[in-house]
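Fair warning: this is a prediction, and the values are worked out from it, not measured in the lab. When reading the values below, keep in mind they use all heavy atoms of this one structure, side chains included, and skip hydrogens, waters and symmetry mates.
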Amino acid sequence: QVQLVESGGGLVQAGGSLRLSCVASGTTFDRQTMRWFRQAPGNQRGFVAFITHDGYTQYADSVKGRFTISRDNAKNTVYLQMNNLKSEDTAIYYCNQPPEYWGQGTQVTVSS
């Protein structure tokens, strides 16, 4: 059974940084594309970034230049480094192994 556990969320001031982590188990992690999504109150869950098994990355336009996705296959972990955070980044952030595996989410709150 695939399990994804996110951590690293919290409260930060605008302009600050956070690093989210997602640890995967029960999966051949080094063969998987991994994705981050987020969901703000009243909004649908939206794509943030993905990384392929060999390190190719893509980002939503809203986070390009501020967020960086990376992975450590030895630790079965995918990261999301978030810099220059804005109030509109406030959301629950979810890790995803496509198509159907999701973590429980970690709350990120950015105060202005």
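- Counted within 6.0 Å of CD on E100, heavy atoms from surrounding residues, nucleotides or ligands total more than 12; the atom is thus considered enclosed.
- E6 places a side-chain N or O within donor-acceptor distance of the main-chain N or O of C95, the cut-off being under 3.5 Å.
- For the pair L80 and A49, the tightest heavy-atom approach, listed with the atom from each and the gap, is CD1-CB, 4.4 Å.
- Annotation for N96 and Y101: closest pair ND2-O, 2.9 Å, computed over non-hydrogen atoms.
- Side chain of D89 to backbone of V108: no donor-acceptor contact under 3.5 angstrom is found.
- Using a cutoff of 4.0 Å between basic side-chain nitrogens and carboxylate oxygens, D30 and R71 are not scored as salt-bridged.
- For the 3.5 Å distance criterion, the side chains of R38 and Y93 qualify, holding a donor opposite an acceptor.
- Atoms CD and CD1, on Q81 and I69 in that order, are 12.0 Å from each other to the nearest 0.5 Å.
- A distance of 6.0 Å or more separates the ring centres of F47 and W36.
- Between T90 and Q107, some side-chain heavy-atom pair lies under the 4.5 Å cut-off.
- Note that CD of Q13 and OG1 of T109 are 13.0 Å apart. Values are rounded to the nearest 0.5 Å.
- The distance from the CZ atom of R35 to the CD1 atom of I51 is 14.0 Å, given to the nearest 0.5 Å.
- Annotation: Q3, atom CD; neighbour count of heavy atoms from other residues, nucleotides and ligands within 6.0 Å does not exceed 12.
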List the steps and the verdict of side chain to side chain contact (heavy atoms under 4.5 Å, CB included) for M34 and L4.
CA-CA 11 Å; M34 299 298 295; L4 304 174; 4.0 Å; yes

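- Remark: the D72 side chain and the T77 side chain contain no N/O donor-acceptor pair separated by less than 3.5 Å.
- A donor-acceptor contact closer than 3.5 angstrom links the side chains of Q97 and T27.
- Atom CG in N84 sits 8.0 Å away from atom OG in S17 (nearest 0.5 Å).
- Distance alone, capped at 3.5 Å, is enough to place a donor-acceptor pair between the T106 side chain and the G9 backbone.
- Neither F50 nor L20 shares a network with the other; the hydrophobic side chains, linked directly or stepwise wherever heavy atoms of I, L, V, M, F, W or Y lie under 4.5 Å apart, form separate groups for each.
- Residue F67 holds its CZ atom at 8.5 Å from CG of N83, rounded to the nearest 0.5 Å.
- V23 and F29 are members of different hydrophobic clusters when ILVMFWY side chains are connected at heavy-atom separations under 4.5 Å.
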Would you please test F37 and Q44 for side chain to side chain contact (heavy atoms under 4.5 Å, CB included) and show each step?
-> CA-CA 10 Å; F37 283 73; Q44 290 186 330; over 6 Å; no

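- Side-chain heavy atoms closer than 4.5 Å link hydrophobic residues (I, L, V, M, F, W, Y) into clusters, and following such links, even through other members, never connects Y94 to V78.
- For R19 and Y79, the positive end sits near the middle of the six-membered ring, less than 6.0 Å away and at most 45° from its axis.
- No donor-acceptor pair under 3.5 Å is formed between the side chain of S87 and the backbone N or O of S111.
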